[in-house]
Amino acid sequence: LPTAAVTMLSAVTAIGFSRVYEGWSFLPPMLVVVVVVHAVALLLRARSVPALLAVPMQLFVLLMLVTWRLYGATFSGIFPAGRTWDSITVDLELAKDQFPTAVAPVAAVGGFLAGGCIAVGIAVILADAFAFRAYGRTEAVTPTGVLFIFAAALGADRNRVALTAIWLAVALATVALLR
C-alpha cells in the first residue's frame, strides 16, 4: 500500500505537467516511466539489492525506457544506437536553448518531453529511496513536490486549483501511509 501511494503521488505529479505541455500526449510516456521505475524499485527492494547498486540500476532502466519510448525508431534492434544518443542530445540541447524564451504550454515533443520524462523518473527514484531505503516519511514527498512546484511555476494557468488540491491530498495520504 505505501508503494502504491508513492506511485500515485508520482502519477499526480506527472499529470501536473498538463500545465506545461499542450494537450495530453505527454502523459502516456510519463506514466510509463512512473509505473515501470516504481516497479523496478519495488523488485530491487524485494530482492534486497543494496541502494548503492539499486539506484544506478534504476537510472539505467530510466534511461533505457526514455530512449526506447521516445527514440525507439533510432534503435539498432532492441538496443540504442549511436543515432539514438545523437538524437536525444540534439533534442535536449534544443530544449535548453529554447527554455528561456518558451512560453507554456509547449509542444510535448523532443527535448521538452524527454527532459520532463527524465525529471519525473529521477523524482520517482529519489522518492522511492527516501521512502523505503532511508525511511523518510515526509522526505519521500519532497522530490515530487519540487517537481510539481517547478511545473506549476512554469505552467499555464490551467487546472491550477484542482491539480494542487489533488496533489496535496495524495501527498498527505502518502505520508500517513508511510507512517
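Note: hydrogens, waters and symmetry copies are ignored here, and every other heavy atom, side chains too, is used. From a predicted model like this one, the values you see are computed outputs, not experimental measurements.
Proximity of Trp68 to Ile78: side-chain heavy atoms (C-beta onward) are nowhere separated by under 4.5 Å. The side-chain heavy atoms of Leu44 and Arg133, taken from C-beta on, include a pair separated by under 4.5 Å. Within the 4.5 Å cutoff, side-chain heavy atoms of His38 are placed close to those of Asp128. Considering only heavy atoms from C-beta on, Phe150 stays 4.5 Å or farther from Val20 through its side chain. Residues Phe130 and Thr138 fail the side-chain proximity criterion, which asks for heavy atoms closer than 4.5 Å.
Within a 6.0 Å radius of CZ in Arg158, other residues, nucleotides and ligands contribute more than 12 heavy atoms. Phe75 CZ: more than 12 foreign heavy atoms inside a 6.0 Å radius. Within a 6.0 Å radius of CG in Leu53, more than 12 heavy atoms belonging to other residues, nucleotides or ligands are found.
Note that CZ of Phe17 and CG of Leu163 are 12.0 Å apart. Values are rounded to the nearest 0.5 Å. The CG atom of Leu65 lies 11.5 Å from the CZ atom of Phe60; values are rounded to the nearest 0.5 Å. In this structure, the separation between OG1 on Thr7 and CG on Leu42 is 8.0 Å, given to the nearest 0.5 Å. The line from OG1 of Thr144 to CD1 of Ile149 is 9.5 Å long, rounded to the nearest 0.5 Å.
Between the side chain of Arg137 and the main chain of Leu178, a donor-acceptor pair closer than 3.5 Å is present.
Under the 4.0 Å criterion applied to side-chain N and carboxylate O atoms, Asp86 and Arg83 are not assigned as salt-bridge partners.
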